[in-house]
Amino acid sequence: MTCFFQTPEGNFPLLFIHKTHIPSPPIQTGLYMRIPINEVTPDIERAEIAGWVHEVRDLGGLTFFLIRDRTGIVQVTIVKKKAPAAVLEAAKAVSRESVVRVAGTVKAIDKAPGGRELNPDTFEIVSACASPLPLDVVEKVPADLDTRLDARFLDVRKPRVAAVFKVRSAVTAAAYDFFTQRGFYNITSPKIVAAATEGGTELFPIAYFEKEAFLNQSPQLYKQMMMAAGFEKVFEIGPIFRAEEHNTVRHLNEATSIDVEVSFADHEDVMKILEELVAHQYAVVADRCSDALAEMGVEEFEVPKAPFPRIAYADAIEIAAGKIEEPIACGDDLSTPAERAIGDEMGEHYFIVDWPSAIRPYYAMPYEDDPAICKAFDMMHPRMELSSGAQRVHQHDLLVEQIQAKGLNPENFEFYLQPFAYGMPPHAGWGLGMERLVMTMLGLQNIREAVLFPRDRHRVVP
RNA sequence: GCCCAGGUAGUGUAGAGGCCUAUCAUGAUGCCCUGUCACGGCAUCGACACGGAUUCGAAUUCCGUCCUGGGCGCCA
């Protein structure tokens with residue numbers, strides 16, 4: 001028997017609406033007529049909710065249940081002397097984290113969390129939860145990250161953990177908005193590829209029928225092909241795979257990349273797009289995710305302002321040399337301590353520009369007046385690198401020359417080089433690491449906390 | 001891959017050769033409790049990663065294996 005919740009036409013309660021959620025009428029499905037828990041307010045008479053048993057406090061004649069759904073938590077109070085026998089029976093049998101359906105009258109009570117509680121005439125166990133739980137959802141006892149990831153579906157039941165992914169969802173949505181408004185085409189490139197045309201990072205080999213194939217490390221080459229195709233402005237948000245055996249708090253073997261490529265543009269043009277995107281994503285989170293931020297205990301959420309400062313690679317090296325013990329010179333890659341030292345000095349998002357051509361990929365465009373440096377850049381958060389990009393070499397012959405200069409064989413780059421011989425416009429682009437963006441935005445200590453199901457050197461499940 | 005630190009009830013911990021029939025908290029189960037909000041009280045349940053060595057005696061020392069965390073390296 002289902003209890004129906006009557007809502008006056010056009011008069012949905014608005015008191016406790018989270019900004020992250022769109023106010024919604026009762027959700028009628030084949031199974032239920034329920035309302036989100038954050039819309040259970042003192043000014044409605046009846047409510048039917050469905051959710052998980054967050055906590056139980058049994059005082060004898062009086063039992064308090066905290067019931068949780070994705071929108072919030074409400075207290076359900078059962079008075080032993082007054083409640084129907086069926087309610088008492090279910091309330092006695094139910095275990096924590098079971099799914100229940102509860103319907104009854106809503107009362108305004110100061111003593112209850114949120115100033116309201118539900119006195120049920122219906123209390124139904126929809127799906128019982130086994131015991132003991134692999135981890136404590138209420139967080140009276142903390143769990144190690146490894147334990148949490150092993151039982152991730154339970155871990156993200158914690159409102160504090162779920163908040164990370166509400167923010168991540170908003171960050172993704174903000175990017176789609178941003179690019180769509182600016183006339184970018186959204187593309188999807190293949191993740192199964194035949195060869196490692198870029199060199200550098202290691203690839204995961206896969207079995208592809210009778211052929212050898214790999215998981216793609218980056219959509220880079222495909223973005224560039226779409227420049228030759230005349231799409232002019234493209235973006236893609238998708239997975240990338242790196243078979244590096246790294247073991248750090250800021251590396252993943254499967255990550256999400258926000259990738260952009262723009263024709264008739266140079267590195268400065270796409271840096272502008274990048275800084276404006278990041279500022280926009282922060283602004284959207286600040287505007288729409290205040291509840292999620294509060295849930296995580298983020299008190300000061302500063303939206304970075306574009307433009308971000310630019311610092312030349314040579315000057316960055318100088319800063320690092322003055323701050324760290326190990327020797328560092330022009331032409332070196334930035335070590336982790338060097339990166340951190342420069343970040344401390346800058347104190348905000350910034351770009352490192354004018355990199356030596358020798359330590360950037362062959363497709364980075366050298367400066368015409370000084371080919372020793374190139375039009376490549378990294379976009380940094382004080383804690384780490386978030387993005388790298390460049391104006392690309394679009395001249396076929398120069399590209400062949402640069403491939404050879406890196407000690408690579410142009411014959412292995414046939415499918416990459418072909419578009420460059422048939423009218424390739426000048427173009428520039430970048431890739432931005434989604435997980436690092438969310439990690440630095442929220443001050444997470446480990447990048448794995450920014451991924452639902454992280455893939456690292458040792459973890460392939462769940 | 002290298003270096004460091006670890007692996008004790010479901011979860012998080014105490015433990016430094018005999019004091020361990022292993023601490024505390026949380027949890028689960030039972031009983032008491034009508035306004036809790038980390039509810040409270042009483043009782044019960046539940047663990048030394050695996051293999052080997054040293055020793056009269058090992059959770060504790062040593063070796064190996066597996067696993068975990070952190071730092072570094074690697075990283076279009």
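- Contacts of Ile240(A) with the nucleic acid, taken as non-hydrogen atoms under 4.0 Å apart, include base atoms.
- The base of C74(B) lies close enough to the side chain of His251(A) for a donor and an acceptor atom to sit less than 3.5 Å apart.
- In summary, Arg96(A) and Glu55(A) do not engage in a salt bridge, as defined by a charged side-chain N under 4.0 Å from a carboxylate O.
- Look at Arg457(A) and Glu245(A) and you find a salt bridge, because one of the NZ, NE, NH1 or NH2 atoms lies within 4.0 Å of a carboxylate O, short of that distance.
- Taking atom P in both A43(B) and U23(B), the straight-line distance is 15 Å, to the nearest Å.
- The side chain of Arg96(A) places an N or O atom within less than 4.0 Å of a non-bridging phosphate oxygen (OP1 or OP2) of A28(B).
- At the heavy-atom level, Pro113(A) lies under 4.0 Å from base atoms of the strands shown.
- Searching all strands for a Watson-Crick or G-U wobble partner of U55(B) with both distances below 3.5 Å returns nothing.
- Nucleic acid contact class of Arg360(A) (heavy atoms, under 4.0 Å, all strands): none.
- Look at Arg116(A) and Asp43(A) and you find no salt bridge, because none of the NZ, NE, NH1 or NH2 atoms lies under 4.0 Å from a carboxylate O.
- In terms of polar N and O atoms assigned as donor or acceptor, the side chain of Gln445(A) never comes within less than 3.5 Å of the base of G69(B) in a complementary pairing.
- Across all strands, Leu145(A) comes closer than 4.0 Å to no nucleic acid atom at all (heavy-atom distances).
- Between Arg448(A) and Asp456(A) there is a salt bridge, since at least one side-chain N of the basic residue sits less than 4.0 Å from a carboxylate O of the acidic one.
- One P atom belongs to G12(B), the other to A16(B), and the distance between them is 22 Å to the nearest Å.
- Geometrically, Lys233(A) engages Phe184(A) in a cation-pi contact defined by less than 6.0 Å to the ring centre and at most 45° from the axis.
- Taking atom C1' in both U29(B) and U34(B), the straight-line distance is 24 Å, to the nearest Å.
- Among the atoms of the strands shown, base atoms are found under 4.0 Å from some heavy atom of Asn247(A).
- One P atom belongs to C42(B), the other to A58(B), and the distance between them is 37 Å to the nearest Å.
- Within 4.0 Å of Arg459(A), counting heavy atoms only, lies no atom of the nucleic acid at all.
- Spacing of C1' atoms, A47(B) relative to G71(B), comes out at 31 Å, to the nearest Å.
- Contact annotation for Glu55(A): backbone-only contact, meaning every heavy-atom pair under 4.0 Å involves sugar-phosphate atoms and none involves a base.
- Annotation: C63(B) and C4(B) have their P atoms spaced 12 Å apart (nearest Å).
- Contact annotation for Ser95(A): no contact, since no heavy-atom pair falls under 4.0 Å across all strands.
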